[in-house]
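To start, the structure itself, in structure tokens.
Here is how names work: the chains are called A, B, and so on, in the same order as the sequence lines, proteins then strands, and each is numbered from 1.
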Amino acid sequence: MKIERPRGTRDFLPEEMEKRRTIERKLREIAESFGYREVSTPTFEHSELFKLKSGEGIVDEMYVFKDKSGRELALRPELTAPIIRFFVNECSNFPKPLRFYYFENCFRYERPQKGRYREFWQFGVELIGSDSYLADAEVIILADKMLKSLGIDYELHIGHVGILRNALSFLADKASKAMRLIDKRDEEGLENFLKEIGVKEETKQKIKAIMNLKGGREIIEDAKKLLDYDFSYLERLLDVLDSAGVVYTLNLGVARGLDYYTGVVFEFYSNDLGAQKQICGGGSYELAQLFGGIKTPATGFAIGFDRICELVDLKPEKKTKVVVVYFRGLEKKAFEVAENLRSSGLIAVVDVMERSLKKQLSYANDINADFAVIIGEEEVKKGEVSVKDLRSGEQFRIQTEMLPLLSSKR
RNA sequence: GCCCGGAUGGGGUAGCGGCUAUCCUCUGGGACUGUGGAUCCCAGGAGGCGGGUUCGAAUCCCGCUCCGGGCCCCA
């Protein structure tokens, strides 16, 4: 019986891996150029960690299991919680701020569809220790730069949960539910909910107006008319983004309903994907004290790596590939020549099927090699090799020690 | 968890109740033990799984699994 790959997982062919690694490399370079350094946490954690962050309900969407000692563990569904846990455990007295980035696989037990898999990869950053608008500005600029550098067509929406919370503060413990409805753009649900708990018509209209505020920074003026709130944090942030050339839409309906978000929240959408069009999301939050640390502000984002891979069309840079073709009896010589080519930075492949010269050349052609280096008795006697350019078909003899020159010949 | 559509060699397909399951591609070998892409020859390899209907099932029915798309959810 044939074993199939588990639902929602993928195999990646060499071409796909080359593309993914190229994208990954770009993201790392940019993150590192901002002073972020890579961290890594375990693939599984106590399931409690994620329950604390997101509530009991998410257990259904996690891979939860018991180990042999009865510990309840979960494959990580995201990395913000593990990283803050890590911060609380090991780095709470490091110089602030901390700039961390990660690139890891995550697991969620959900129905797979386009752009959604049960094992998927997130590239994200966390900037820990600052509650300044400058921290939010930095991570937004960073995310924007990453996506831009990949040539992705996207929209950036920026919201602020502080503003919404202020507007909903009179609801007390019912505010969270309202936030969720706003985040979902469920206007009807919100309407019913507010009616149910007896909110005045006038207030209801006001909340709906705020939720639908969307546009350039001029909407702050509209918001000021609706709310008695200090918008200067947001205004200073937008000043920085404007001068950095970040294009955004202010959207006060971006709520990311969870309680630990504290201020600015943002999402990047692509118009070229199906139902799963969010490619990056983030914001400022406070989780450290939830995990037993001292209250520490943080801000960060996570990029849906698999989704951006679907959007990016790029050809990875290829090294020159050489197949060393040889006659029977010259295996050792062939291995030696291949090793020389490798030490000059080329890709060198040697037949390991003991095939005829003809088959070896045919294989070289099949794998898209640039050159075939042919080794025969005649050549060996003279300290030479024959080099065949597989594109043009032209062939020439060179001294063996000249082989490294092939790296520039392509 | 829900809805729609699908599943035939490694990949792409034909057959839609009746010979040894079609064709293309592919893979290995040979024609051709000093030269790739062409041609020819030989070989390899398939109806997702389980049950039912039938003299007979890849084909019809049911269940499951997996894939694609959407809903819900999306930390």
Considering non-hydrogen atoms only, spot the tightest contact between A/A31 and A/M146 and give its length.
CB-CE, 3.7 Å
Does B/rG29 have OP1 or OP2 sitting under 4.0 Å from an N or O in the side chain of A/R355?
yes
Kindly label the base of B/rG47 as syn or anti, based on whether its glycosidic torsion lies within 90° of 0.
syn
Ignoring hydrogens and geometry beyond distance, is the side chain of A/Q395 in donor-acceptor contact with the base of B/rG34 at under 3.5 Å?
no
Selected nucleotide, minimal atom distance to A/I374 side chain, candidates B/rG37, B/rG34, B/rA75
B/rG34
Candidate nucleotides B/rG34, B/rA75, B/rC73, ranked by approach to the side chain of A/P77 - the nearest
B/rA75
Under 4.0 Å between a Lys/Arg side-chain N and an Asp/Glu carboxylate O for A/R397 and A/E378?
yes
Please tell me which of the listed nucleotides, B/rG28, B/rA75, B/rG69, lies nearest to the side chain of A/E61?
B/rA75
Reckon A/E378 touches a base, only the sugar-phosphate, or nothing at all at heavy-atom distances under 4.0 Å?
base
Nearest-Å distance, CG (A/L390) to P (B/rG36)?
11 Å
Can a side-chain donor-acceptor contact be found between A/K333 and A/Y326 if the only test is distance below 3.5 angstrom?
no
A/S270 side chain to A/D272 backbone, donor-acceptor under 3.5 Å
yes
Rounding to the closest angstrom, what is the interatomic distance between B/rC2 and B/rU59 at atom C1'?
30 Å
For A/R108, answer base if it contacts any base atom (sugar-phosphate contacts may also be present), sugar-phosphate if it contacts only those atoms, and nothing otherwise; contact means non-hydrogen atoms under 4.0 Å.
base
Between B/rA75 and A/K53, is there an OP1 or OP2 to side-chain N/O distance shorter than 4.0 Å?
no
Proximity to the side chain of A/K359 - top-ranked nucleotide from B/rU35, B/rC73, B/rG29:
B/rG29
Need the pair for B/rC72. Rule: Watson-Crick or G-U wobble, both distances under 3.5 Å, any strand; none if unpaired.
none
Looking at B/rC73, B/rU35, B/rC71, which one has an atom nearest to any side-chain atom of A/R111?
B/rC71
With no angle test and no hydrogens, is the base of B/rG48 tied to the side chain of A/R5 by a donor-acceptor pair under 3.5 Å?
no
Minimum-distance nucleotide to A/L361 side chain [options: B/rU35, B/rG70, B/rA75]:
B/rU35
Verify whether the ring centers belonging to A/Y101 and A/F123 lie closer than 6.0 Å.
yes
Counting side-chain heavy atoms from CB outward, which of B/rC71, B/rG34, B/rG28 is closest to A/E377?
B/rG34
